[in-house]
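Labels below follow one simple rule: chain letters A, B, ... track the order of the sequence lines, proteins then strands, and each chain is numbered from 1.
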2 protein chains.
Amino acid sequence: MLHLKQDHSELVVLSVLAEDPSYGYAISKEIAARSQGHFKLSPSAMYPLLTKLEKQGLVTTSWEEIKSRSSDPDATGRKRKWYTISPKGSKRLTQHIENQQRVLKILNGFVPTSLRDSGMGLA
Amino acid sequence: MLHLKQDHSELVVLSVLAEDPSYGYAISKEIAARSQGHFKLSPSAMYPLLTKLEKQGLVTTSWEEIKSRSSDPDATGRKRKWYTISPKGSKRLTQHIENQQRVLKILNGFVPTSLRDSGMGLA
DNA sequence: TCAAGATATATCGAAACTTGATATATCGTG
DNA sequence: CACGATATATCAAGTTTCGATATATCTTGA
């Protein structure tokens with residue numbers, strides 16, 4: 001299991017949302033699936049991050065009332081909070097990736113040539 | 001000026017030391033030079049990091065007394081702390097880069113195809 | 001000669017970040 | 001009807017980060 005730092009978490013979450021709106025639980029499942037279980041965003045990492053993205057205007061949110069199949073017509077039903085990437089969020093994602101590429105390129109300049117030449121370069 | 005996270009700082013410092021032993025001040029200058037000023041490791045980031053590397057046995061250290069040209073024969077002289085990468089440190093550097101490559105590959109799987117196809121992929 | 005900038009190492013503290021543990025509640029299935 | 005999955009969220013304790021600060025020496029040029 002690889003450790004996802006905040007920068008990477010943000011990149012991954014915005015990437016997932018760039019394809020379709022989703023919600024916390026589904027996003028965490030998607031991340032685990034798409035990374036073959038290598039990446040994991042726990043609830044305690046996920047929700048603060050989503051709240052931060054919302055505050056920064058990178059995503060918009062809406063609540064969905066999940067209709068219960070319960071026979072009780074008064075049942076409250078479970079709530080689901082949907083996250084949709086905003087234009088600002090899309091822009092941020094692009095910038096984020098561009099930035100990663102730039103960092104990677106410079107970082108690669110530090111990798112010893114012996115390692116770089118043996119196909120271990122980063123860029 | 002790009003923000004160097006600890007993971008990247010460690011990679012960069014070990015990479016610099018993999019070529020030749022050096023000391024704190026010189027390492028920070030080397031990093032600024034080799035990155036065209038894009039990366040910067042301030043003293044407050046550099047010295048705790050070097051101490052950590054030393055404690056983990058990734059580098060060995062020795063003090064050098066810098067001979068003063070001062071006419072005072074009793075002058076203490078400035079001290080310089082040299083850092084040399086250890087076999088354990090070399091191994092860590094290789095693992096570090098391998099790990100970066102793995103993370104990058106998985107991360108790239110999250111980048112939207114539209115961005116990936118336009119040459120913005122990470123791996 | 002002497003002031004200023006470069007060389008050199010190091011700590012402090014406030015803020016931000018990280019994460020396992022915890023809390024709460026509903027849904028689906030055997 | 002119990003249990004695992006779904007679903008969101010906070011807390012607290014630990015780690016990380018970094019500008020500011022401290023200390024001291026060396027070098028250069030006005």
Side-chain angles (χ1 to χ4, degrees), chain A residues 1-13 16-17 21-33 39-56 59 61-83, chain B residues 1-13 16-17 21-33 39-56 59 61-83:
Chain A
M1 179 77 67
L2 296 166
H3 181 53
L4 264 193
K5 297 295 177 56
Q6 189 180 258
D7 267 12
H8 288 342
S9 300
E10 187 183 300
L11 174 68
V12 162
V13 168
V16 167
L17 293 179
S22 189
Y23 52 94
Y25 190 78
I27 295 171
S28 79
K29 291 293 163 192
E30 173 100 359
I31 289 173
F39 291 166
K40 188 189 172 191
L41 254 194
S42 62
S44 58
M46 170 69 75
Y47 292 105
L49 172 59
L50 286 174
T51 301
K52 207 185 89 184
L53 296 180
E54 187 182 3
K55 275 181 187 157
Q56 294 179 352
V59 298
T61 62
S62 62
W63 285 94
E64 174 194 14
E65 289 284 336
I66 302 176
K67 293 287 177 283
S68 167
R69 289 180 202 155
S70 140
S71 52
D72 179 0
D74 292 339
T76 318
R78 187 155 46 180
K79 285 179 178 179
R80 186 178 281 162
K81 193 173 186 181
W82 284 89
Y83 294 83
Chain B
M1 179 77 67
L2 297 166
H3 181 53
L4 263 194
K5 298 296 177 55
Q6 188 181 257
D7 266 13
H8 288 342
S9 300
E10 186 184 301
L11 174 67
V12 163
V13 168
V16 167
L17 293 179
S22 190
Y23 52 94
Y25 190 79
I27 294 172
S28 80
K29 290 294 163 195
E30 173 100 1
I31 289 173
F39 292 164
K40 189 190 173 193
L41 254 195
S42 63
S44 57
M46 169 70 76
Y47 292 104
L49 173 58
L50 287 174
T51 301
K52 207 185 89 183
L53 295 180
E54 187 182 5
K55 274 182 189 159
Q56 294 179 353
V59 299
T61 64
S62 63
W63 284 96
E64 174 194 16
E65 289 284 337
I66 302 177
K67 293 285 177 286
S68 166
R69 288 180 202 156
S70 142
S71 52
D72 180 0
D74 291 340
T76 317
R78 187 155 47 179
K79 286 178 179 181
R80 185 178 282 163
K81 193 174 185 181
W82 286 89
Y83 294 83

In whole angstrom, give the distance that lies between atom NZ of B:K52 and atom C1' of C:dT9. 19 Å
For A:W82, which contact category applies under a 4.0 Å heavy-atom criterion: base, sugar-phosphate, or nothing? nothing
Side chain proximity check, B:E65 to B:K79, heavy atoms < 4.5 angstrom: yes
Neighbour count above 12 (heavy atom, 6.0 Å) for A:K81 NZ: yes
How about A:V59 and A:V13: do any of their side-chain heavy atoms sit closer than 4.5 Å? no
Against the side chain of A:K5, the closest entry in D:dA9, D:dT6, C:dT18 is C:dT18
Partner set under ring-ring contact (aromatic ring centres under 6.0 Å, His included) for A:Y47, not counting sequence neighbours: none
So which nucleotide from C:dT9, D:dT6, D:dT8 ends up closest to the side chain of B:Y23? C:dT9
What is the distance, rounded to the nearest whole Å, between atom CE of A:M46 and atom P of D:dA9? 12 Å
Which part of the nucleic acid, if any, lies within contact of B:A45, taking any heavy atom under 4.0 Å across all strands shown: a base, the sugar-phosphate backbone alone, or nothing? nothing
Could you tell me whether the phosphate oxygens of C:dT9, OP1 or OP2, come under 4.0 Å of any side-chain nitrogen or oxygen in B:Y47? yes
N/O donor-acceptor pair, side chain B:S44 with base D:dG19, under 3.5 angstrom: yes
Using whole Å, what does the distance between atom C1' of nucleotide C:dT7 and atom NZ of B:K29 come to? 9 Å
At under 4.0 Å, does any side-chain N or O of A:Y25 touch on OP1 or OP2 of D:dT6? yes
Should A:Q6 be listed as having a side-chain N or O under 4.0 Å from OP1 or OP2 of C:dT18? yes
